[in-house]
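Both ligands and their constituent atoms are indexed starting at 1 by order of listing.
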Amino acid sequence: MKNNNHPIGIFDSGLGGLTVLRELKMILPNESFIYFGDTAHLPYGAKSKETIIKYSHQICKFLIKKKVKLIIVACNTASALAIETLEKYINIPIINVIDPCIQHAIKTTKKKSIGIIGTQATINSKAYDIKLNRLNNDLDITTQACPLFVPIIEEGLTNHQITKNICELYLNKQKFSEIDVLILGCTHYPLLIETIKKHISKKIIIIDSANIVAIFVKKFLYNNKLRISNKNQQYIKYFLTDKSIQFNKLASIFLKEDSLKIEFIKL
Ligand code: DGL
């Protein structure tokens, strides 16, 4: 039996997945969502593959107990390191943030030269390089790990001078001089997009997973006949594994919601 009226589960290590949720809310206004932020274990980008798999699997099991009809891994680090295991053990549809973005990047690049910035774990995994090369083995790929971006965003320091200095350090103009497309390979990074834009050439097209993944999810629901049929019950519930002042602040501003229903749980 199809569970069309059940919510969509979406998870990240913290508030980065809200960038995806915001787009989903706009594109799919009648759907309900359960957002899971693993704030107790953030950042994932500095953790081992085994640990990322363990947390991601526990979150998926939690979301399945909440009867979600689909899970969106709104975290590039978990998408890079845990997706194969999750696909093996999770028996409901699961969408990662990497595949829709690489397809879009390949269609967009004219110079066949793509840059990727992400967490240390995502970049070290080479998940983007491998998947891009599978689709086109004639690409130049330039990658850069930006381990300080996630803590800066979680601390709400996106407009601080320190952020500009760190952008200068990571987004070396010479290193990225050949690319014409830059993938923001972390769902936190759209929150830093204005500062990132100031540090790269204006000619570079930035690919932000949020909108691309939301469009992909809409098509997926449509193609798999999973769209909600009861249109009067839209809700969003939030589950966090630890308190986070920034999460409340940002989620209310970002998602334009006055009061968020947040529950704290232990994995
Ligand atoms: N938003 C997560 C990602 O896309 C951040 C990972 C982290 O917690 O370091 O990779």
Side-chain angles (χ1 to χ4, degrees), residues 9-24 35-60 71-84 86 94-102 104-105 115-129 131 143-158 163 166 170 182-193 196 206-214 216-217 238-242 244 246-247 250-251 254-255 267:
I10 164 165
F11 81 87
D12 180 41
S13 57
L15 52 79
L18 294 177
T19 59
V20 181
L21 178 61
R22 182 171 73 163
E23 293 294 322
L24 286 165
Y35 185 91
F36 192 106
D38 192 9
T39 40
H41 300 122
L42 177 105
Y44 278 11
K47 305 248 171 349
S48 68
K49 181 172 178 168
E50 292 68 31
T51 304
I52 294 162
I53 290 176
K54 184 175 91 184
Y55 294 149
S56 304
H57 196 193
Q58 284 170 345
I59 296 168
C60 287
I71 294 176
I72 302 167
V73 184
C75 171
N76 285 263
T77 311
S79 295
L81 291 134
I83 198 71
E84 280 174 21
L86 297 178
I94 182 156
I95 289 175
N96 72 81
V97 282
I98 297 181
D99 291 327
C101 286
I102 58 164
H104 192 77
I116 301 140
I117 54 174
T119 67
Q120 193 75 62
T122 300
I123 298 301
N124 287 356
S125 75
K126 297 204 178 297
Y128 274 96
D129 318 45
K131 287 185 170 192
T143 61
Q144 174 68 47
C146 307
L148 291 171
F149 278 178
V150 169
I152 280 175
I153 293 162
E154 290 280 337
E155 286 298 320
L157 294 173
T158 45
T163 308
I166 291 167
Y170 291 150
L182 177 69
I183 301 177
L184 303 187
C186 172
T187 51
H188 278 73
Y189 296 178
L191 296 162
L192 211 56
I193 196 162
I196 291 174
I206 296 181
I207 294 194
D208 150 8
S209 53
N211 178 265
I212 293 161
V213 171
F216 185 89
V217 171
Y238 298 87
F239 290 90
L240 299 182
T241 47
D242 205 353
S244 158
Q246 265 312 111
F247 188 93
L250 200 115
F254 199 58
L255 299 168
L267 268 188

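Heavy-atom separations between C75 and ligand 1 include at least one value shorter than 4.0 Å.
Side chains of Y189 and N76: a donor-acceptor N/O pair is absent below 3.5 angstrom, by distance only.
Close approach to P43 involves these atoms of ligand 1, each under 4.0 Å from a residue heavy atom: 7 (C), 8 (O), 9 (O). Taking every non-hydrogen atom of D12 and a distance limit under 4.0 Å, the qualifying atoms of ligand 1 come out as 1 (N), 2 (C). Close approach of ligand 1 to T77 (heavy-atom distance below 4.0 Å) involves ligand atoms 3 (C), 6 (C), 10 (O). Interface atoms of ligand 1 facing G45, defined by a heavy-atom separation under 4.0 Å, are 7 (C), 8 (O), 9 (O). When each atom of ligand 1 is checked for a heavy atom of C186 under 4.0 Å away, the hits are 1 (N), 2 (C), 3 (C), 4 (O), 5 (C), 10 (O). Near T119, with a cut-off below 4.0 Å to any heavy atom, the atoms of ligand 1 are 6 (C), 9 (O), 10 (O).
The single protein non-hydrogen atom nearest to atom 7 (C) of ligand 1 is Y44 N, 3.2 Å, given as residue, atom name and distance. For atom 3 (C) of ligand 1, the nearest protein heavy atom (residue, atom name, distance) is N76 N, 3.3 Å. Of the protein's non-hydrogen atoms, H188 ND1, 3.4 Å is the one closest to atom 5 (C) of ligand 1.
Heavy atoms only, all atoms of each residue included: A121 and T77 are closest at CB-CG2, 3.6 Å.
When only interatomic distances are considered, the shortest N/O to N/O separation between S13 and ligand 1 falls below 3.5 Å.
More than 12 heavy atoms of other shown residues, nucleotides or ligands fall within 6.0 angstrom of atom NZ in K131.
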Practice item. Apply side-chain contact (heavy atoms from CB on, under 4.5 Å) to Q144 and I123, showing your working. Key: CA-CA 7 Å; Q144 174 68 47; I123 298 301; over 6 Å; no

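Side chain of T241 to main chain of A40: a donor-acceptor pair is present (N/O by atom type, distance under 3.5 Å, no hydrogens or angles). Put simply, the side chain of S209 never gets that close to the backbone of T187: no donor and acceptor are under 3.5 Å apart. The closest donor-acceptor contact from the side chain of T39 to the backbone of D242 lies under 3.5 Å.
Expressed to the nearest 0.5 Å, how far CG of D38 lies from CD1 of I59 amounts to 4.5 Å.
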